[in-house]
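Order of appearance sets the numbers: ligands from 1, and atoms from 1 within every ligand. This chain uses plain numbering: 1 for the first residue, then up along the sequence. Side chains included, hydrogens not; waters and symmetry mates left out as well; all remaining heavy atoms used.
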Amino acid sequence: MSVLIEIKDLKVHYPIRSGFWNRVTDHVYAADGVSFEIEAGKTYGLVGESGSGKSTIGKAIVGLEKVTSGQILYKGQDVSKASVRRHMKYNKDVQMIFQDSLSSLNPKKTIYEIIAEPIRNFENLDKSAEKQRIIELLEIVGLSSNAMYQYPHQFSGGQRQRIGIARAISTNPKLIIADEPVSALDLSIQAQVLNFMKKIQRELGISFLFISHDLGVVRHMTENIAIMHLGRFVELGTREDIYNNPQHIYTKRLLSAIPQIDIANRDANKAQRAAIEAQYQAERQNFYDADGLAYPMHKITASHWVSTPPTEKGATK
Ligand SMILES: Nc1ncnc2c1ncn2[C@@H]1O[C@H](COP(=O)(O)OP(=O)(O)OP(=O)(O)O)[C@@H](O)[C@H]1O
């Protein structure tokens, strides 16, 4: 295994201002000491409910959010500082795709201009080489070269996600942060886009940080997964650890929330969901501290970490 990027004790705290003087009166602890590694060519899943801090981590990694403390180590350098990112041309290697492709693609620009923008930031191609590159990128994402003369609103949601992917891969990146890349799409289109992401990963060797609120969506995409709740990781492990041997009550609750298409067992699934919810409500206080925050994680196997009360022994992450 080769580690592409290492996140160490990352904290991103947003100030809350109030009162006549607009003073900082408190903070939102959006990411509160998270550590994990993404391997080269692999997908890392980051899963939690809305507001748990997933996007904040993704944005901090690409440099869109200021890091309060901690490190983001890439090729041995701490890229949490803007000067280091510029010096290393880090933003060429790390790109982001968003959930809402309509608002993340400038509606006034043609697809050609949208895809050309990151290329122009990092390379000095002449007009014909640039056009050739854009035609190739459209081909990779399964769109005809005519698409380059059109505008985002002329495409379906799934096609727009492909355009977002074409733009993201245009700089030949090593890592793509995919923030809820399919949650705005119909189920049938979701599967197409997910398969397509796996295909470009195989062909181009790109790593993904795949952010989702739905453990069902990441299941077939990731090798390693972190479960996040209120700014902290509650559980982290391989796909097998998380899906076959979940330990934290919050992970169990997220697993029970995966939509089931299996109509024959609908009643049994509903009963199981209700049982997990009752267990969650009854045992919640055992899993969180007096402020309602997750405890530090402890290692339970070589790959599996779980947030547990501090009386239990083991290294913390
Ligand atoms: N710029 C900001 N200023 C203040 N608070 C913020 C800011 N951005 C996010 N937050 C808060 O930080 C917390 C984490 O938000 P974040 O968007 O990272 O969560 P998320 O898990 O990605 O959720 P969602 O899927 O809804 O985006 C939330 O409480 C959110 O309200």
Side-chain angles (χ1 to χ4, degrees), residues 5 7-19 21-36 38 43-70 72 80 82 94-104 157 161 164 168 175-185 190 193-194 197 208-219 221-222 224-236 242 248-251 253-255 257-259 280 287-289 291-294 297 307:
I5 193 161
I7 317 301
K8 278 182 150 178
D9 202 21
L10 177 73
K11 294 186 183 173
V12 180
H13 296 168
Y14 297 111
I16 302 172
R17 294 174 185 276
S18 56
W21 302 106
N22 204 25
R23 287 207 175 107
V24 175
T25 49
D26 206 346
H27 287 87
V28 177
Y29 299 101
D32 197 26
V34 300
S35 304
F36 63 108
I38 304 176
T43 299
Y44 200 99
L46 188 53
V47 182
E49 287 167 311
S50 177
S52 55
K54 311 175 301 289
S55 297
T56 297
I57 293 178
K59 288 185 198 157
I61 295 175
V62 282
L64 290 173
E65 246 3 304
K66 198 165 177 289
V67 167
T68 307
S69 68
I72 299 169
S80 62
V94 181
Q95 295 283 325
M96 189 155 186
I97 52 178
F98 299 91
Q99 168 183 355
D100 184 355
S101 54
L102 198 52
S103 66
S104 67
Q161 260 334 25
L175 170 66
I176 293 180
I177 313 289
D179 191 355
E180 303 268 12
V182 297
S183 26
L185 305 175
Q190 283 192 4
V193 174
L194 293 176
M197 287 173 68
F208 284 108
L209 176 65
F210 195 106
I211 295 174
S212 179
H213 63 278
D214 183 350
L215 266 170
V217 168
V218 291
R219 181 172 210 143
M221 295 298 291
T222 67
N224 293 292
I225 303 173
I227 308 292
M228 189 169 189
H229 193 200
L230 299 173
R232 298 187 179 179
F233 285 177
V234 298
E235 189 157 358
L236 178 158
I242 299 296
H248 199 278
I249 190 71
Y250 183 72
T251 311
R253 189 169 179 242
L254 282 181
L255 282 167
I258 297 176
Y280 180 77
F287 286 86
Y288 297 90
D289 67 16
D291 295 324
L293 297 173
M297 289 197 295
S307 151

Would you confirm whether [X], through its side chain, and [Y], through its main-chain N or O, come within 3.5 Å as a donor-acceptor pair?
{"X": "Q161", "Y": "F98", "value": "yes"}
{"X": "D291", "Y": "L293", "value": "no"}
{"X": "K66", "Y": "V12", "value": "no"}

Before we go on, tell me: are the rings of F233 and F36 under 6.0 Å apart, centre to centre?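 Yes.
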
Report every pair formed by an N or O atom of ligand 1 and a protein N or O atom separated by less than 3.5 Å, giving atom names and the distance to 0.1 Å.
unit_1, atom_1, unit_2, atom_2, d
ligand 1, 18 (O), T56, N, 3.0
ligand 1, 18 (O), T56, OG1, 2.5
ligand 1, 19 (O), G53, N, 3.1
ligand 1, 21 (O), G51, N, 3.4
ligand 1, 21 (O), S52, N, 3.0
ligand 1, 21 (O), S52, OG, 3.3
ligand 1, 21 (O), G53, N, 3.0
ligand 1, 21 (O), K54, N, 3.1
ligand 1, 21 (O), K54, NZ, 2.8
ligand 1, 22 (O), S55, N, 2.8
ligand 1, 22 (O), S55, OG, 2.8
ligand 1, 23 (O), G51, N, 2.7
ligand 1, 26 (O), S50, OG, 2.5

In terms of side-chain heavy atoms, does E235 have a donor or acceptor partner in Y250 at a distance below 3.5 Å?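 No.
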
Not counting sequence neighbours, which residues clear side-chain hydrogen bond (donor to acceptor under 3.5 Å, both in side chains) with Q190? List them please.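 Q190 satisfies side-chain hydrogen bond (donor to acceptor under 3.5 Å, both in side chains) with no residue once adjacent residues are dropped.
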
